[in-house]
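Residue numbers run from 1 in the order of the sequence given. The figures that follow rest on heavy atoms only: side chains count, while hydrogens, waters and symmetry mates do not. These numbers were taken from a predicted model, which means no experiment stands behind them.
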Amino acid sequence: MQLAEFREHLRTLGAKPAHEERMLRAWLQARPLDSGTRRQAAENFLPLAIRDALPALTGQLAALARVVSEHPGDDGTRLLVELADSQTVESVLLPRDGVCISTQIGCAVGCTFCMTGRDGLLRQVGSAEMLAQVVLARQRQPLRRVVFMGMGEPSHNLDNVLEAIDLLGTAGGFGHKNLVFSTVGDPRVFERLPQQRVVPALALSLHTTDGELRARLLPKAPRMAPEELVELAEIYARQTGYPIQYQWTLLAGVNDSVEEMDGIVRLLAGKYAIMNLIPYNTTAALDFQRPANDRVTELAHYLHARGIRVTVRRSAGQDVDGGCGQLRARSRDGSPVAPPRRRSRPSADAVEMTGGK
């Protein structure tokens, strides 16, 4: 369901724009739809037809998505979410009051190290379905940050994603810089996002500074050189005042060399940027491996010493074998998700470092 469909239904029941916004605000904050409409003033009354329809409206919104299973881990709780057509997506309750949501069922980019794109794109996730993921998260923990970085490539579902971001940044009450749009780098992102009423922060999946290697790792991403992506992202960062969050999934023997780190320094030195190193979430279905923790720490120190602001971020779900796309794949195949188990972490001093601009 698109958000516009729900708005139109409210209008057929006699809702005015103020009624729509009040009800959507209540829904996004995980409160009853008639919250804030008690007898404070005549203009706060909901039309009788809407009051009579509240149970049905509440049911309609609740039917958008439901949590099938929850998988707590050291780095947050991964949710397997079923949509109204029985398709499933993944959301993650992040530490420090965040949620990561999915924008597509499957993905057309086909990153060779990602389970989500293994079967290609199945369908788009509607704006209302994205918002329903946020509501499910808000029912479970306080939220101040929403990251569009789950299953799918947001730029391939741009209209729906922008509609969801607009409502979250208005009726949803989220700070614009706390709405994060993640992309492999699509020219439409750099054109359209700055024109929006709610301008989100940007996360750019880089993964390598070698153009040929990037084309192999992200075979269906737009053919843009890493240098071009970084220059476009830097313009966006300076326009918005938000640093670009570069994503770099560390793959042992693939992109964890000193030469690659030198490439990061060459591209990001003096840029308004944060480099997020993400040790790969190993899965038996794919051949890639994550580097040893000592190696991850060494690389983080190497970048920090050269003036690059760097964080080491664990890929959510590593301790439950539930990295992005893995829960859905296991559910679809009928395989159980492994119970939580402890894995050693990078040393504390490598978790976050700041330096440079």
Which residues satisfy the side chain to side chain donor-acceptor pair (under 3.5 Å) test with [X], sequence neighbours excluded?
X: T208; value: E260
X: D256; value: none
X: R140; value: E70
X: D262; value: Y302

May I have all residue pairs that pass ring pair (Phe, Tyr, Trp, His ring centres under 6.0 Å) and include part of [range], sequence neighbours excluded?
range: residues 184-203; result: none
range: residues 125-162; result: none
range: residues 210-258; result: none
range: residues 101-126; result: F113-H207

Which residues satisfy the salt bridge (charged side-chain N to carboxylate O under 4.0 Å, His left out) test with D186, sequence neighbours excluded?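 So D186 forms a salt bridge (charged side-chain N to carboxylate O under 4.0 Å, His left out) with R188.
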
Between A53 and L13, which heavy-atom pair has the shortest distance, and what is it?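 In this case the closest contact between A53 and L13 is CB-CD1, 3.8 Å.
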
Mind listing the closest non-hydrogen atom pair of F181 and P200 along with its distance?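 Scanning both residues completely, I find the closest heavy atoms to be CB-CG, 4.0 Å.
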
Could you note down all residue pairs passing salt bridge (Lys or Arg N to Asp or Glu O under 4.0 Å) where residues 216-234 supplies at least one of them, sequence neighbours left out?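 Every pair satisfying salt bridge (Lys or Arg N to Asp or Glu O under 4.0 Å) with a residue in residues 216-234: E227-R266, E231-K271, E234-R238.
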
For residues 157-166, please give each side-chain donor-acceptor pair under 3.5 Å, one per line with the distance, not counting sequence neighbours.
| unit_1 | atom_1 | unit_2 | atom_2 | d |
| --- | --- | --- | --- | --- |
| N157 | OD1 | N160 | ND2 | 2.9 |
| N157 | ND2 | T103 | O | 2.9 |
| N157 | ND2 | V125 | O | 2.8 |
| D159 | OD1 | R192 | NH1 | 2.9 |
| D159 | OD1 | R192 | NH2 | 3.1 |
| N160 | OD1 | S127 | N | 3.3 |
| E163 | OE1 | S127 | OG | 2.7 |
| D166 | OD1 | R197 | NE | 3.0 |
| D166 | OD1 | R197 | NH2 | 3.3 |
| D166 | OD2 | R197 | NH2 | 2.6 |

Backbone N or O of I278 within a donor-acceptor pair of the Q247 side chain at under 3.5 Å?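 Side chain of Q247 to backbone of I278: no pair is present.
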
Report the distance from atom CG of L250 to atom CG of N255, rounding to the nearest 0.5 Å.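 It is 5.5 Å, given to the nearest 0.5 Å.
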
Residues two or more places apart in sequence or in another chain: which of them pass side-chain contact (heavy atoms from CB on, under 4.5 Å) with A171?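 For A171, the residues satisfying side-chain contact (heavy atoms from CB on, under 4.5 Å) (neighbours in sequence not counted) are E21, R25, L28, L167.
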
Which of these, L179, L94, D97, sits in a side-chain contact (heavy atoms from CB on, under 4.5 Å) with R145?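 It is L94, the one option of L179, L94, D97 that forms the side-chain contact (heavy atoms from CB on, under 4.5 Å) with R145.
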
